[in-house]
**Q** 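Sharing a structure with you now.
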Amino acid sequence: MKRSCYCGELGVDDVGREVVLEGWVNRRRDHGGVTFVDLRDREGLVQVVFSPEVDSSVHEKAKEIRDEYVLRVRGTVTRRPPGTENPKLRTGEVEVVAREVEVLNASRTLPFKLDNPEVTEEVRLKYRFLDLRRPEMQKIMRFRYRAAMATREYLDSLGFIDVETPFLTKSTPEGARDYLVPSRVNPGKFYALPQSPQLFKQILMVAGFDRYYQIVKCFRDEDLRADRQPEFTQIDLEMSFVEREDVMEVVEGIMRTLFRLIDVELPEKFPVISYQEAMLKYGIDRPDTRFGMFIQDISRLFESTEFIPFKETLRKGGTIRGFKAPGGAVFSRKELDNWGKRALEFGAKGLISIKVTDQGLQSNLLKYLSLGEVEGLKEAFEVQEGDAVFLVADEGPIAAETLGRLRLEVAQALGLVPEDAYAPLWVVDFPLLEWDKDEHRYVAVHHPFTSPMDEDLPLLDTDPLKVRAKAYDVVLNGQEIGGGSIRIHKKDIQKKIFELLHIGEEEARIKFGFLLDALEYGAPPHGGIALGFDRVIAILTKAESIREVIAFPKTQKAQCLMTGAPSSVAEAQLKELRLKLTVSPDKN
RNA sequence: GGGGUCGUAGCUCAGCCCGGUUAGAGCGCCGGCCUGUCACGUCGGAGGUCGUGGGUUCAAGUCCCAUCGGCCCCGCCA
């Protein structure tokens, strides 16, 4: 007996058909006389009726059936008696009258009911095989697959080809902590799992493939977050003979393709904002542009202020910035105090809040300000009754970060973040380098293979921190969902960057010798990007964390609750790898 | 490495502030009854190392300390 169709596909057109169904028992309702079983497979549910009038032995057999038993049922599709249709079920107009039933497997009592949406994530992850059986999870996994397919089809149509790159590769300095894999045949040596296929895709460009892509796992041994897993999936691509705009166009196409899957039409071109402007207006390099509340620099208003804290801040080269929270006057005294505390946590020395009431502006600050300054404030923020204004006087970067975070939390608290809006944008003109205080050297903001802007090349010798990179990030609703750059394709520039990063010639030769070699054999100009596939899927499915869109995710302690990984290994395995532990794995 | 929060029946939670009978509820589970339910109904029943270890106390689910684990965040994440 072979399955003839899926449960969830049956309808009135099938009335009269004899079918063979295989699936799980979603629920059993035993009325003593007649027993109903909702049978579920990946396509949905259908009600199966076990009636003593049809076959008493089949009806008897139905008594032993429990939740999540696996059944094979042969029966006849019939129209339900008038008045017993179930409009909540896609198959609710029909039912299958069982003529033969076989229990293919029993099931223990479940640790949780599959349709209970309240189960904790911990329990779900431990019994992930049951959790994934839930229609919601099946839907997400299928969506993820469709998104991957759509990406492949789109990139294929543009002439990209998928080339696999190694997972057992070489540890790269810079960037995240590597996951290491010991090499048995090379005792004492290790592979690293790739943080990204970065160098390989550049090599593929040198090799003349012109357009490469891969939907590929990447590994980074860093602490986890709702949007960060130690292994995650990227849509990775690289193109030859291109400028930044060419890469952007491809990414915009991918994003539009993906969002059409949820019937959202993204703009043809995404807005572009410079890193500098993003930091000023939003206080963050991945602005959420679904709502306004721009940060403004109002330092000029207070050039000759008598208010000592402002005066001092400005004298030391700091700034006075703030934003208006529309409707923020609803915040109570206590709530405003709490925002002040948040500002302290974010690193500012303080927060000034101003309410706009029918009596005019209301704040401790006002008595210290001149009439002109008060008027200037009103004008700068175009305040209306019911608004609140938050100000920070501090060093530029601190003011930016504090206000940037506050802006997000305040908007959330006031319900000003539209849930169904999607606001993609590009952030460009990142600095190439930043100074690392601890390591006492420059480090790459993006990565060491990112090309400097042509016009900034002379600054490499005079003022490296001023050099801008040909780098770009895609940001969506305040989340960084991808980043890339035009790469260095000339050996002399690459060498110079390594020098600035304090990667010596010898070290560079050992670590990136193959890349430097490749750059000497006719490397074309090239660039690319990687998109965080899990993050995009999470946004598309409105998931709270990327764990919801990964079949087998890890907990914050980077453990798999289902398999128990990571775990200790046999002494013999360690010996074979010539490894000695300095710690007992059971402790810590 | 740090801050916050949670951990009590199979699941979700109440009890903890303010220590004191036999630790409760809903759902699930088991058994009986029930021929049109679909969150079936109904009657009865079973089920607990209160995360773990230590301490305070005549007495600890409740107070204190440590520790383990889930989640959120900071640091970290080229």
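As the structure is a prediction and not an experimental result, all values here were calculated from the model.
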**Q** Under 6.0 Å between the ring centres of A:Phe36 and A:Phe50?
**A**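 No; A:Phe50 has its ring centre 6.0 Å or more from that of A:Phe36.
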
**Q** According to the 5.5 Å centroid and 30° plane-angle thresholds, does A:His31 stack upon the nucleobase of B:U37?
**A**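 Stacking between A:His31 and B:U37: absent.
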
**Q** Rounded to the nearest Å, what distance is computed from the CG atom of residue A:Asp115 to the C1' atom of nucleotide B:C40?
**A**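 Answer to the nearest Å: 14 Å.
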
**Q** Answer yes or no: does a side-chain N or O of A:Arg28 lie under 4.0 Å from OP1 or OP2 of B:C38?
**A**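 Answer is no, no contact under 4.0 Å.
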
**Q** Only one of A:Arg487, A:His489, A:Gln202 clears side chain to side chain donor-acceptor pair (under 3.5 Å) with A:His526; which?
**A**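 Considering A:Arg487, A:His489, A:Gln202, a side chain to side chain donor-acceptor pair (under 3.5 Å) with A:His526 is found only for A:Gln202.
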
**Q** I'd like the P distance from B:G10 over to B:C6, given in whole Å.
**A**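 The answer is 22 Å between these two P atoms.
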
**Q** For RNA chain B, whose closest nucleotide is more 5', that of A:Val49 or that of A:Lys113?
**A**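 The residue mapped nearer the 5' terminus is A:Lys113.
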
**Q** Given the C1' atoms of B:A60 and B:C50, what is the spacing between them in whole Å?
**A**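 Pairwise C1' distance, B:A60 against B:C50, rounds to 11 Å.
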
**Q** Rounded to whole angstroms, how far apart are CZ on A:Arg405 and C1' on B:C74?
**A**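 Taking atom C1' of B:C74 as the reference, CZ of A:Arg405 is at 7 Å.
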
**Q** Is the shortest side-chain N/O distance from A:Arg90 to OP1 or OP2 of B:C38 below 4.0 Å?
**A**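 For A:Arg90, the contact criterion (side-chain N or O under 4.0 Å from OP1 or OP2 of B:C38) is not met.
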
**Q** Among the candidates B:G69, B:G36, B:C71, find the nucleotide nearest to the side-chain atoms of A:Gln47.
**A**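 Of the candidates, B:G36 comes closest.
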
**Q** Rounding to an integer number of Å, can you tell me how far A:Glu85 CD sits from B:G36 P?
**A**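 Distance, rounded to whole Å: 16 Å.
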
**Q** Counting only Watson-Crick or G-U wobble pairs whose two distances fall under 3.5 Å, which nucleotide matches B:G20?
**A**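 B:G20 is paired, partner B:C58.
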
**Q** Touch check for A:Pro81, heavy atoms < 4.0 angstrom, all strands: base, sugar-phosphate only, or nothing?
**A**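 Base contact.
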
**Q** Heavy atoms only, 4.0 Å cut-off, all strands: where does A:Glu121 land among base, sugar-phosphate and nothing?
**A**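 Result for A:Glu121 = sugar-phosphate.
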
**Q** Of the nucleotides B:C71, B:G69, B:G31, which has the atom closest to the A:Glu122 side chain?
**A**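 Looking only at side-chain atoms, A:Glu122 lies closest to B:G69.
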
**Q** Please tell me which of A:Thr120 and A:Leu89 maps to the more 5' nucleotide of RNA chain B, matching each residue to the nucleotide holding its nearest heavy atom.
**A**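 That would be A:Thr120.
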
**Q** Do the side chain of A:Glu95 and the base of B:G36 come within less than 3.5 angstrom through a donor-acceptor pair of N or O atoms?
**A**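 A donor-acceptor contact between them is present.
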
**Q** What does A:Glu345 touch in the nucleic acid at a heavy-atom separation under 4.0 angstrom: a base, only the sugar-phosphate, or nothing?
**A**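 No contact.
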
**Q** In whole angstrom, give me the gap between the C1' atoms of B:U57 and B:C13.
**A**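 My reading of the C1' atoms in B:U57 and B:C13 gives 30 Å.
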
**Q** Any donor-acceptor pair under 3.5 Å joining the side chain of A:Arg80 to the base of B:C38?
**A**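 Such a pair is found, so the answer is yes.
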
**Q** Expressed in whole Å, how much space separates the P atoms belonging to B:G61 and B:G3?
**A**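 Taking atom P in both B:G61 and B:G3, they lie 28 Å apart.
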
**Q** If you check the A:Ser545 side chain, which of B:C72, B:U35, B:C74 turns out closest?
**A**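 Selected nucleotide: B:C72.
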
**Q** Round to a whole Å and report the spacing from CG of A:Leu10 to P of B:C38.
**A**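 Distance, rounded to whole Å: 21 Å.
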
**Q** Is there a donor and acceptor pair closer than 3.5 Å between the side chain of A:Asp223 and the base of B:G75?
**A**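 Such a pair exists between side chain and base.
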
**Q** Taking any heavy-atom pair under 4.0 Å as a contact, classify A:Val445: base, sugar-phosphate, or nothing.
**A**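 If one applies the 4.0 Å heavy-atom cut-off, A:Val445 turns out to touch the sugar-phosphate alone, with no base involved.
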
**Q** Return yes if some donor-acceptor pair links the side-chain N/O of A:Tyr213 with the main-chain N/O of A:Glu238 below 3.5 Å, else return no.
**A**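 Not confirmed, A:Tyr213 side chain does not pair with A:Glu238 backbone.
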
**Q** Paired with B:A66: which nucleotide, if any, by Watson-Crick or G-U wobble criteria at under 3.5 Å for both distances?
**A**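 Pairing partner, where one exists within any strand: B:U52.
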
**Q** Under 4.0 Å, heavy atoms only, any strand: does A:Arg27 hit a base, just the sugar-phosphate, or nothing?
**A**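 Touches sugar-phosphate only.
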
**Q** Would you please say whether a donor-acceptor pair under 3.5 Å links the side chains of A:Gln276 and A:Asp429?
**A**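 Not at all, the side chains of A:Gln276 and A:Asp429 share no donor-acceptor pair under 3.5 Å.
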
**Q** Report yes if a side-chain nitrogen or oxygen of A:Gln556 is closer than 4.0 Å to either non-bridging phosphate oxygen (OP1 or OP2) of B:C72; otherwise report no.
**A**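 Indeed, a polar side-chain atom of A:Gln556 lies that close.
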
**Q** Check the side chains of A:Gln214 and A:Thr165 for a donor-acceptor pair under 3.5 angstrom, ignoring hydrogens and angles.
**A**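 Distance-only check passes for A:Thr165 and A:Gln214.
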
**Q** For B:G10, does the base pair up with any side-chain atom of A:Arg108 as donor and acceptor (N or O, under 3.5 Å, distance only)?
**A**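 When only heavy-atom distances are counted, A:Arg108 does not reach the base of B:G10 through any donor-acceptor pair under 3.5 Å.
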
**Q** Would you say the ring centers of A:Tyr69 and A:Trp24 fall short of 6.0 Å from each other?
**A**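 No.
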
**Q** How is A:Thr84 classified with respect to the nucleic acid when contacts are heavy atoms under 4.0 Å: base, sugar-phosphate, or nothing?
**A**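 Here A:Thr84 touches the bases of the nucleic acid.
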
**Q** Pick the P atom in B:G2 and in B:C11, then give their distance to the nearest Å.
**A**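 Here B:G2 and B:C11 have their P atoms 31 Å from each other.
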
**Q** Measure the CG-CG distance between A:Asp221 and A:Leu224 for me, rounded to the nearest 0.5 Å.
**A**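 Between A:Asp221 CG and A:Leu224 CG, I get 9.0 Å after rounding to 0.5 Å.
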
**Q** Distance between the P atoms of B:C18 and B:G24, in whole angstroms?
**A**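 Between the two P atoms, the distance is 24 Å.
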
**Q** When only distance counts, do a donor and an acceptor, one from the side chain of A:Arg228 and one from the base of B:C76, lie under 3.5 Å apart?
**A**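 Result: at least one qualifying N/O pair found.
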
**Q** Respond yes when some side-chain nitrogen or oxygen of A:Arg29 is under 4.0 Å from OP1 or OP2 of B:U37, and no when none is.
**A**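 For B:U37, neither OP1 nor OP2 has a side-chain N or O of A:Arg29 closer than 4.0 Å.
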
**Q** Across all strands, who's sitting opposite B:A46 as a Watson-Crick or G-U wobble pair, both distances under 3.5 Å?
**A**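 By the stated definition (distances under 3.5 Å), nothing pairs with B:A46.
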
**Q** Using atom P of each nucleotide, how far apart are B:G26 and B:U62 to the nearest Å?
**A**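 The answer is 25 Å between these two P atoms.
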
**Q** Between B:G47 and B:U22, how far apart are the C1' atoms? Round to whole Å, please.
**A**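 My reading of the C1' atoms in B:U22 and B:G47 gives 16 Å.
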
**Q** B:G26 pairs with which nucleotide, Watson-Crick or G-U wobble, both distances below 3.5 Å?
**A**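 When the pairing criteria are applied, B:C11 turns out to be the nucleotide that pairs with B:G26.
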
**Q** Tell me whether the OP1 or OP2 atom of B:G69 has a side-chain N or O from A:Lys126 closer than 4.0 Å.
**A**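 Negative; the distance criterion is not met.
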
**Q** Please determine whether a side-chain nitrogen or oxygen atom of A:Arg220 lies at a distance below 4.0 Å from atom OP1 or OP2 of B:C76.
**A**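 Checking B:C76 against A:Arg220, no side-chain N or O comes under 4.0 Å of OP1 or OP2.
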
**Q** Students often mix this up, so state it plainly: with edges at 30° and 60°, are the rings of A:Tyr127 and A:Phe129 parallel, tilted or perpendicular?
**A**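 Geometry flag for A:Phe129 against A:Tyr127: perpendicular rings.
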
**Q** To the closest 0.5 Å, what do you measure between OG1 (A:Thr563) and NZ (A:Lys126)?
**A**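 Taking OG1 in A:Thr563 and NZ in A:Lys126, the distance rounds to 12.5 Å.
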
**Q** CD of A:Glu439 versus C1' of B:C76: gap in Å, rounded?
**A**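 Whole-Å distance recorded here is 12 Å.
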
**Q** If we require ring centres under 5.5 Å and near-parallel planes under 30°, does A:Phe36 stack on B:U37?
**A**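 Yes, A:Phe36 stacks on the base of B:U37, since the ring centres sit under 5.5 Å apart and the planes are within 30°.
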
**Q** Could you tell me the separation between the CG atom of A:Asp227 and the C1' atom of B:C71, rounded to a whole number of Å?
**A**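 Spelled out: CG on A:Asp227 to C1' on B:C71 is 14 Å.
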
**Q** Can you tell me the distance, in whole Å, between the CG atom of A:Asn116 and the P atom of B:C29?
**A**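 It is 12 Å, rounded to the nearest whole Å.
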
**Q** Below the 4.0 Å mark, does B:G70 have OP1 or OP2 next to a side-chain nitrogen or oxygen of A:Thr555?
**A**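 Affirmative; the distance criterion is met.
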
**Q** What is the pairing partner of B:C40, taking Watson-Crick or G-U wobble pairs with both distances under 3.5 Å in any strand?
**A**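 With both distances under 3.5 Å required, B:C40 matches none.
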
**Q** Kindly point out which of B:G70, B:C73, B:C38 is positioned nearest to the side chain of A:Asn86?
**A**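 In terms of side-chain proximity for A:Asn86, the closest of B:G70, B:C73, B:C38 is B:C38.
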
**Q** Whole angstrom is fine here: how far is it from CD in A:Glu222 over to C1' in B:C73?
**A**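 To the nearest whole Å, that distance equals 16 Å.
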
**Q** Can a donor-acceptor pair be found, under 3.5 Å and without considering hydrogens, that links the side chain of A:Asp14 to the backbone of A:Gly11?
**A**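 Confirmed, A:Asp14 side chain pairs with A:Gly11 backbone.
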
